[in-house]
Amino acid sequence: MAFGNNKWVAFGVGVAAGVAAVALIKNPAFKKACAAVVGKGLQLKDDACAFAESVKEDAQDIVAEAKYNNEKKKDA
């Protein structure tokens, strides 16, 4: 019997959580806050991509310089 009651309690909590989630999602202030968080996340992604590209370019420059130095040693 106690097990059956736990199922109903879990069902009731699930329904209450669903109703609360719907109410929260419809709240304009919550939507605005979510948009701000997503916007900051997108900015962070863009910054990370720019940093990665800078590191990649620096690594390519180092490799090119090393190849040039090796060719120069072979010619000498």
Side-chain angles (χ1 to χ4, degrees):
M1 266 287 185
F3 184 69
N5 287 339
N6 285 340
K7 285 184 180 180
W8 284 107
V9 169
F11 176 75
V13 169
V15 168
V19 169
V22 168
L24 188 61
I25 290 170
K26 290 187 177 192
N27 184 333
F30 180 76
K31 285 183 180 180
K32 187 175 181 179
C34 285
V37 169
V38 170
K40 292 290 183 182
L42 291 172
Q43 181 62 44
L44 182 62
K45 178 190 108 5
D46 290 344
D47 292 345
C49 286
F51 176 74
E53 186 63 31
S54 173
V55 170
K56 180 182 172 185
E57 289 172 0
D58 289 344
Q60 289 172 339
D61 289 346
I62 291 169
V63 169
E65 186 175 343
K67 286 180 181 179
Y68 174 77
N69 289 340
N70 285 343
E71 288 297 320
K72 203 162 97 171
K73 285 180 185 178
K74 286 180 185 177
D75 292 341

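In this chain, numbering begins with 1 at the start of the sequence shown.
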All N/O donor-acceptor pairs, side-chain side in residues 16-37, below 3.5 Å, sequence neighbours left out:
from	atom 1	to	atom 2	distance (Å)
Asn27	OD1	Ala29	N	2.9

Ignoring hydrogens and angles, write down the donor-acceptor pairs under 3.5 Å from the side chains of residues 38-54, residues two or more places apart or on other chains.
from	atom 1	to	atom 2	distance (Å)
Gln43	NE2	Asp47	OD1	2.9

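More than 12 heavy atoms of other residues, nucleotides or ligands lie within 6.0 Å of CD in Glu57, so this atom counts as buried by the packing criterion.
Partners of Tyr68 according to the side-chain contact (heavy atoms from CB on, under 4.5 Å) rule, which considers only residues two or more places apart in sequence or in another chain, are Lys72.
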